[in-house]
Structure formats: structure tokens, C-alpha cells
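When a ligand or atom number is given, it counts from 1 through the structure's own listing order.
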Amino acid sequence: MYEKTRAWIELNMDNLLHNVEQLKSHLFPGCQLMPAVKANAYGHGSILIAKALNQMGIRNFCVAAAIEGVALRKAGIEGQILVLGYTHPEAFDLLVEYDLTQTVVDAVYAALLADYGKPLKVHISVDTGMRRLGERSEHLSSILSFWKYKTLKITGLYSHLCVADGTSPMDVQFTLMQFQRFDTIVDALHQKGIDGFSTHIQGSYGFLNYPEFHYDYIRPGIALYGCKSLPDDQPRLELSLRPVLSLKARLSSVRTLLPGESAGYGLTFTAQKPLLIGTASIGYADGIPRSLSGKGYALIRGRRAPFIGRICMDQLLLDVTDIPDASPMDEVVLIGSSVFSDGISEYKNEICVEDLALQGQTISNEILSCLGERLERVAI
Ligand SMILES: *Cc1c(COP(=O)(O)O)cnc(C)c1O
């Protein structure tokens, strides 16, 4: 078995189930989860995650690109798969062949989808203020006209919130306005006698900060994986979500660095005293941001090993002076918890992706979704 040999992700499927149940327990009757499994399920591994979700009874998914939907279908994923992003007309065949539901990104695109001539399942995107995708919510007659395209089977209407994670009065006001614009268009369509389409607007923060609003689906990504975008985020609905992902690598070598000696590319780090340094077999090509060079730390045997020098493409250096028992082949934890007992003391430490995100001046979503293809993904 070639498992856990270099650098890998461990998926805690019990935590995934826990998060699904937590989210479900706060949904209004009739509302269902449509998890975002785009970007390889935020780096977790879209097939492993979607299969597990299928087994938990989830039958709706959203992805960003048609090819992501194709990969899920090839792996046997059942249910509705909504493509949230743009699909080029030359790839429309994929939508038919793999039974994917395409987003109508605006009126120009609706005409392209109709020109294709074959029946397509679509959800209409409505722009309620983000100004990214969707037909503007004021354009009722334009949106209405999409129903005239006989080959378009319109099964949903949705929008996206852009400041739902914000708690300032301005952000709240803007989000409430987005909900209102969405409700207005939904009501107007119903009044015109148009029915039979589902509605959805909330992602993770849209749901956690505005749980009193309810539609047919919520589209959680980051919350489903048990994370917040940033450590200080405090959504109004406080769920006990648990991280699904741990990131680990092997310690490949341990060596001494003499006072005055430098290490790594650019020799940016210099030892002031004798140091013990370790090399971990994971680098920026695996998704450890290079901007964390000289910042942050990993865990070995329950203790902290600070990053030193520049993070390399495939490896990184750690100061293990305070972990004198650190040995080649030890597990290095980049995200997750590390527990170790030497018979005398017990050491226990944890690194959350949110802390890594803060240090790397980004959000958890980016760190996770950039985790590399070559990492093994192991369900536990
Ligand atoms: C990515 C995405 C989501 C999920 O976002 P989270 O904040 O991770 O929950 C939902 N809807 C759309 C349109 C998205 O692009």
C-alpha cells in the first residue's frame, strides 16, 4: 500500500456527517442542502466527498465548471449537478451527455443555450447586486422571456450574496436588499403564472448569518467542510462545525545548523545558535502558500516546529530544536491536530486552516481549494 508516504490529506467523514446533520437541523422544512463541491471540494477531493454525501442521502450538488460535473458523473455521483459558472457553447454536449444543469448567466447566454437546439436543464442566475453573473433583477421581462425558449427546461432560479459574511450595518443592509430583490423577482414570476422552479441564494455565510430566510436549497461550501473563512468570524447562527480535513507530510531528514550558517533558497534564514532543523516533504506546489515563508509553524510529536527560510516547491524547512526526539518519517501536521506521549509528558497541539489563512493574508477557502493534485486523499 502506497498510503501516507509523502504528503497527504486525511478526511474525517464522521465530521462531514456531523456538519451535514448540524446544517440540516437548522433548515426549514422542505429546504435541502446543495453542497458546493467545486474546486475539488475545496481541495478535499470531490469524488470522495460527493460519494460520501450521496451515501448520506444528498442528491444536489454545485460545481463551478462543467468538467467538474463530468468527473463526478464518471465516478457515479447521482442527483442534480448544477454548474454555477460559464460553459462554452462547444462544451454544451457535455451538459447533455452527463446530465448537468447549466446556469443561465445573462440574456445573451440564454439565447446561446437556446440556439444549441437540444433540451438543456438550466437554473437562471439573477444579479441582485454582486455584478458578477446573472440577469439584473430589475429586468423582469428579460427573465420572463427565457421561458419562451422551448428547449430550456428551467428548473431553478438563484442569486448570490456578496457581503453575507460582513456584520457591519452597511453589509447587513446590502444583504437584506439582495434578499428583497430576489423575493421580488420570484413573486413577480409566480404572479405571471410561472412555477415549477426551485429557488436558492444562500451559501455558508448567507445561511449562518441569515438563517431566518429560507428557500428550496442552501449552497454551503466552507461551512460543510467545518471551517470559517477567517478565525474571528462569528456567524449569528453558531453551529458546532468540525473540520473535515487534516494535512500531513513526512519528515524526510533532520540535521544540525551551526551558528552563522544559513538555510534554504536565498539563504534567507541564518542560525544565531546551534539548531536542529527538519525537512518536510511538502511545499508550495502542494498548496502551502509561499507567503508563509518564515511565518507559521507545523506540528511534530505534538509540538510546534516553526517554518524557517523560504518554502520550496516540494519541501519546507522546520526548526525542530525544541523537539529533540523528532526523527525522519515522523508525521508533520500542517493542518489538524497532533498528539504525542513519551511516557512522561503528553503533548497536544492543533493548527486550524483559519489561522494559516490569517497568517497568509487570505481566507481558508483559498488555502483549501489550492491544495495540490498530487496529495493523497485518504478517508478515515
Ligand atoms: C462557491 C459558491 C458557493 C459556496 O460558497 P461558501 O461561501 O463556501 O459556502 C455558493 N454559491 C456560489 C454561487 C458559489 O460560487
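Electrostatic pairing of Glu68 and Lys38 does not count as a salt bridge here, judged by no charged N lying under 4.0 Å from a carboxylate O. Salt bridge Glu97/Arg73: absent, no basic N to carboxylate O contact under 4.0 Å.
Ring geometry for Tyr109 versus Phe92: interplanar angle over 60°, hence perpendicular rather than tilted (30 to 60°).
The ring-ring contact (aromatic ring centres under 6.0 Å, His included) check on Phe28 picks up His214, with sequence neighbours excluded. Considering only residues two or more places apart in sequence or on other chains, Tyr347 meets the ring-ring contact (aromatic ring centres under 6.0 Å, His included) condition with none of them. Legend: residues meeting side chain to side chain contact (heavy atoms under 4.5 Å, CB included) with Leu144, ordered by chain and number and at least two apart, are Leu140, Leu189, Lys192, Ile194.
Using a heavy-atom distance under 4.0 Å as the criterion, the protein contacts of ligand 1 are Ala36, Lys38, Tyr42, Leu84, Arg132, His160, Gly203, Ser204, Arg219, Pro220, Gly221, Ile222, Asn365.
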